[in-house]
Amino acid sequence: SPGYFLPLRGSQETMQALEVGCAVSIVCFCCQVKLKTVPDADYVICPDCRVLSPIPDEVKYANFDNSWRERLGGVGLGLKVAYDN
């Protein structure tokens with residue numbers, strides 16, 4: 001909503017989460033594209049339709065462990081995946 005700002009989590013963080021295996025899987029609620037993002041984001045932005053999809057707490061905390069980093073929240077960049085392991 002207007003006037004509400006959240007930090008944007010960069011592509012470097014997303015790639016790091018993928019490399020260490022802790023990225024979360026989300027489906028964009030607008031265009032249904034499968035996305036991966038950092039495990040502690042509050043929202044993910046879809047690269048196709050640019051809609052912010054909320055990340056449910058059960059998804060965030062199921063894949064978040066304290067070894068990743070402190071929980072930062074914000075908006076994670078969505079990386080499209082062709083398939084989900």
Side-chain angles (χ1 to χ4, degrees):
S1 78
Y4 188 71
F5 299 94
L6 292 171
L8 180 63
R9 310 290 294 278
S11 59
Q12 191 171 27
E13 284 183 277
T14 303
M15 294 307 293
Q16 182 184 10
L18 285 168
E19 288 170 4
V20 299
C22 66
V24 295
S25 297
I26 302 294
V27 175
C28 175
F29 72 82
C30 183
C31 68
Q32 305 303 307
V33 166
K34 288 185 180 182
L35 305 169
K36 292 270 189 175
T37 194
V38 293
D40 61 334
D42 296 314
Y43 301 91
V44 61
I45 188 165
C46 178
D48 280 355
C49 67
R50 299 184 187 135
V51 167
L52 290 179
S53 295
I55 301 175
D57 286 343
E58 58 271 10
V59 172
K60 281 189 280 197
Y61 297 116
N63 294 300
F64 182 76
D65 65 4
N66 292 331
S67 66
W68 165 249
R69 63 175 63 207
E70 66 182 80
R71 189 179 175 315
L72 298 175
V75 179
L77 292 179
L79 180 67
K80 289 187 350 181
V81 291
Y83 59 89
D84 195 9
N85 297 11

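Quantities reported herein were computed from a predicted structural model and do not represent experimental measurements. Position 1 is the first residue of the sequence; numbering continues from there.
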When you measure from the side chain of S53 to the backbone N and O of V44, does any donor-acceptor pair fall under 3.5 Å? no
Does any non-hydrogen side-chain atom of C46 lie less than 4.5 Å from one of F29? no
Check the hydrophobic clustering (I, L, V, M, F, W, Y; side-chain heavy atoms under 4.5 Å; chains of links allowed) and say if V27 and V33 are grouped together. no
I need the full list of salt bridge (Lys or Arg N to Asp or Glu O under 4.0 Å) pairs touching residues 19-32, with sequence neighbours left out, sorted by first then second residue. none
Could you tell me which residues satisfy side chain to side chain contact (heavy atoms under 4.5 Å, CB included) with C30, sequence neighbours excluded, listed by chain and number? C28, C49, V51
May I ask you to check whether over 12 heavy atoms, not counting those of Q12, lie within 6.0 Å of atom CD? no
Taking all heavy atoms of P54 and all of P56, pick out the closest pair and write down the distance. O-CD, 3.5 Å
Spacing of NZ belonging to K36 relative to CD1 belonging to I26, to within rounding of 0.5 Å: 9.5 Å
Just to verify, what does I45 make a side chain to side chain contact (heavy atoms under 4.5 Å, CB included) with, not counting sequence neighbours? L52, V75, L77
Checking T37, L72, T14 against R9 for side chain to side chain contact (heavy atoms under 4.5 Å, CB included), the one that qualifies is L72
In Å, rounded to the nearest 0.5 Å, how long is the span from CD1 of I55 to CG of D42? 7.5 Å
